[in-house]
There are 2 protein chains.
Amino acid sequence: MENGAEAPVPGARAPKTPERAHPVTLRDVAEAAGVSTATVSLVVNKKKAARIAEETRRRVQDAIRTLGYRPNAMAKTLVSGTSRFIGLVADGVATTPFAGQIIHGAQDEAWKHGYALLIANTEGNNELEQDAIQMMLEYKVRGILYSTWFHRQTDIPAPLREADFVLVNCFSNEPGTRAVVPDEVQGGRSATDILLGHGHRKIAFINATIPAPAKDGRLQGYREALEKAGVPFDPELVLEAYPDQEGGYRATSDLLTRGVTAVYCYNDRMAMGLYDGLREHGLSIPDDMAVVGFDNQEVIAAHLRPPLSTVSLPHYELGAAGVRMLLGLDGAPGTGTGGVAKIHCPAVERTSVKAQARA
Amino acid sequence: MENGAEAPVPGARAPKTPERAHPVTLRDVAEAAGVSTATVSLVVNKKKAARIAEETRRRVQDAIRTLGYRPNAMAKTLVSGTSRFIGLVADGVATTPFAGQIIHGAQDEAWKHGYALLIANTEGNNELEQDAIQMMLEYKVRGILYSTWFHRQTDIPAPLREADFVLVNCFSNEPGTRAVVPDEVQGGRSATDILLGHGHRKIAFINATIPAPAKDGRLQGYREALEKAGVPFDPELVLEAYPDQEGGYRATSDLLTRGVTAVYCYNDRMAMGLYDGLREHGLSIPDDMAVVGFDNQEVIAAHLRPPLSTVSLPHYELGAAGVRMLLGLDGAPGTGTGGVAKIHCPAVERTSVKAQARA
DNA sequence: TTGAAAGCGCTAACAG
DNA sequence: CTGTTAGCGCTTTCAA
């Protein structure tokens with residue numbers, strides 16, 4: 001509850017002395033400058049409407065400087081009724097290494113519009129989540145970004161409805177709910193296109209075993225790309241494995257059975273496992289097998305040997321687009337109050353794919 | 001005077017406005033319950049001092065519920081003078097995959113004590129940093145955590161001094177500055193001990209080429225562990241390489257020159273590169289070479305083949321300990337106002353080290 | 001046990 | 001151009 005430790009009292013006594021940092025208020029400045037608080041307020045806020053005498057302004061500014069005046073944002077907010085906060089509740093900045101980028105993007109964009117980010121990491125704990133939202137509501141946040149660490153469907157916590165909110169990296173089945181999610185289908189298309197673009201025609205897809213929007217979307221993208229390239233879809237070429245290193249590793253022998261020259265993995269981690277598996281079979285990448293991943297998990301993709309071509313999950317953009325949608329910027333997508341914006345997943349080409357001689 | 005335009009007029013037939021945000025104030029509740037605002041305040045804050053009639057309390061609580069009252073934290077703060085915010089400025093939640101854990105730890109601990117986290121990611125931009133701190137000051141934060149994404153010395157931005165602050169994952173050369181950093185020396189000792197504990201005696205250390213507290217500390221830990229085990233330190237066994245996958249990979253042949261049975265890498269990324277190098281030389285881990293890393297970068301360490309034994313950089317704890325120190329909890333370490341707390345780096349054993357027959 | 005009233009620091013009419 | 005004057009929503013003596 002309350003922490004027993006109060007502000008450090010230097011003098012040991014001094015019961016009333018506001019020894020603390022900055023008790024310098026508008027009024028103090030006003031007195032020091034010999035003007036009214038209203039005037040000080042005017043110059044502090046650089047109101048162009050009110051023309052202040054140059055000399056007065058100077059006097060006020062001096063006073064501000066010498067007193068070390070610092071406006072009290074709380075008081076400002078109290079008056080205006082709404083704060084310059086945007087809340088971000090996340091179920092796991094922690095859990096995944098790149099979800100932090102959602103925070104980053106949100107914070108950059110929020111800042112750009114004069115908002116500060118109030119974050120709460122709930123690690124999936126429902127009670128904590130409720131409390132966090134509650135807290136944000138009490139701080140009169142402009143709105144709340146509700147985000148998940150992987151793309152999925154989600155329920156809307158009741159208190160969230162009391163605020164202006166947008167879902168980030170997740171979506172609701174309630175119509176009209178604003179959300180911004182990665183464009184998995186386009187991503188799947190891009191991943192496949194990398195391979196196609198290098199002349200590959202026999203391309204396997206190792207999908208995840210776990211149901212998720214990514215599973216469906218990435219597969220659909222694969223099919224669309226194939227179709228557009230005039231390559232018939234062969235169900236035999238779609239494998240499934242648990243979406244981690246181990247899964248990729250274990251899928252190796254199955255994959256080699258299909259006689260493909262290239263493989264598109266559901267994610268980078270599987271690709272990483274596949275690298276090991278392929279290597280153990282004496283196969284080299286990209287000469288014997290071209291591989292692309294998905295997610296662009298820096299630590300992995302950029303530093304595998306050879307560096308992995310993949311498709312980026314646009315976490316930063318997700319966060320940024322989230323605040324834009326919340327703030328009602330961003331003309332076209334998510335028009336008005338309903339709609340979900342799909343964010344582009346850019347291809348990141350490295351060297352795990354080599355041109356393939358046309359058959 | 002009430003303005004007839006805005007506020008919902010009580011007696012009049014208010015047009016059904018269900019969206020009407022939240023103009024529900026303490027006073028509204030008071031009126032609805034037929035008591036004074038003071039009374040409502042008392043029951044809202046569960047003041048034990050003031051004994052409220054059971055029936056009154058009930059009436060108030062009903063009113064709160066039916067009106068959907070939500071306290072205004074800003075107003076509360078205005079009165080009390082100091083907010084329940086703790087600021088966290090970071091130079092890169094983004095840059096590194098695990099630094100997000102600092103946020104996580106800070107946020108958990110802050111929450112535990114009734115504080116919310118106000119974060120700002122400055123990505124090394126000085127101006128942004130100043131603005132962020134400024135902003136936090138205006139929001140009357142209880143204090144500020146100033147953190148860096150890798151352990152290093154840092155300067156203290158001027159405005160930071162206006163707040164109660166503690167450095168996290170960095171330190172200042174100004175005496176008396178509070179800081180919390182990882183215990184690199186102990187970490188180095190632990191890493192080496194893993195190898196020693198498995199019977200290895202000829203242990204190489206691939207250090208970083210880049211100067212950093214980690215470079216010195218991890219080396220010192222290595223020496224201390226060796227000494228304690230009665231193994232003479234051999235400078236020939238200390239290599240240096242750029243601290244990433246590529247560096248580790250390239251250090252392989254040099255390493256094989258030294259005739260060691262085990263190697264301790266400056267970090268997991270180097271170990272990852274080393275895995276590749278070793279493999280290309282037809283060597284297997286841990287049979288032909290035992291390897292341990294440092295950092296415990298999940299995506300890498302836990303999923304290499306074989307999983308890498310390493311030492312954990314305690315980011316979560318860093319964040320948590322930071323707020324504890326800020327709040328003046330935490331009895332022993334960083335006593336009083338000055339001092340830096342060194343956080344333990346726990347060993348994480350996986351399977352990249354195998355028992356070695358004693359020579 | 002409860003109410004009246006005085007602000008917390010600031011902004012926004014409205015006067016002068 | 002600048003000062004007066006109300007509050008914003010809440011906590012907190014001090015009385016009743």
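Per chain, numbering begins at 1; letters A, B, ... match sequence-line order.
- Phosphate contact (OP1/OP2 of D:dG3, side-chain N/O of A:S36, threshold under 4.0 Å): present.
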Point to revise | Derivation and outcome, side chain to side chain donor-acceptor pair (under 3.5 Å), residues B:D108 and B:Y316 | key: CA-CA 9 Å; B:D108 279 4; B:Y316 182 94; 2.5 Å; yes

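- Protein atom CE of A:M74 is 12 Å distant from nucleotide atom C1' of C:dC8, rounded to whole Å.
- Residue B:A53 is in sugar-phosphate contact alone, with no base atom involved, counting any heavy-atom pair closer than 4.0 Å across all strands shown.
- The distance from atom CD of B:E54 to atom P of C:dT2 is 10 Å, rounded to the nearest whole Å.
- Between the OH atom of B:Y69 and the C1' atom of D:dG9 there is a distance of 7 Å, given to the nearest Å.
- In this model, a donor atom of one side chain and an acceptor atom of the other lie less than 3.5 Å apart for B:E129 and B:Y146.
- The ring of B:F85 has its center closer than 6.0 angstrom to the ring center of A:F85.
- Atoms CZ (A:R57) and C1' (D:dG3) sit 17 Å apart, rounded to a whole Å.
- Within the 4.0 Å cut-off from OP1 or OP2 of C:dG9, not a single side-chain nitrogen or oxygen of A:T37 is found.
- Distance NZ (A:K76) to P (C:dA12): 10 Å, rounded to an integer number of Å.
- Put simply, A:S41 has a side-chain N or O that comes within less than 4.0 Å of OP1 or OP2 on C:dT11.
- Among the protein residues, A:V35 comes within range of the sugar-phosphate backbone only, with heavy atoms under 4.0 Å from sugar or phosphate atoms but none that close to a base.
- Under 4.0 angstrom from either OP1 or OP2 of C:dT2 there lies no side-chain N or O belonging to B:T39.
- Between the side chain of A:Q107 and the backbone N or O of B:N121 there is at least one donor-acceptor pair closer than 3.5 Å.
- B:L26 places its CG atom 17 Å from the P atom of C:dA5, with the value rounded to the nearest Å.
- Residue A:R70 has no polar side-chain atom (N or O) positioned under 4.0 Å from OP1 or OP2 of C:dG9.
- For the OP1/OP2 pair of C:dT11 and a distance below 4.0 Å, the side-chain nitrogens and oxygens of A:N45 include at least one atom meeting the criterion.
- For the pair A:L78 and B:G34, nearest-nucleotide mapping onto DNA chain C gives the more 5' position to B:G34.
- Residue A:T56 is classed as a sugar-phosphate contact, given heavy-atom separations below 4.0 Å to backbone atoms only.
- Computed from coordinates, the B:R27 CZ to C:dA6 C1' distance equals 14 Å when rounded to whole Å.
- Here C:dA13 presents its C1' atom at 12 Å from CG of A:L42, a figure rounded to the nearest Å.
- Counting only N and O atoms by type, the side chains of B:S80 and B:T77 include no donor and acceptor under 3.5 Å apart.
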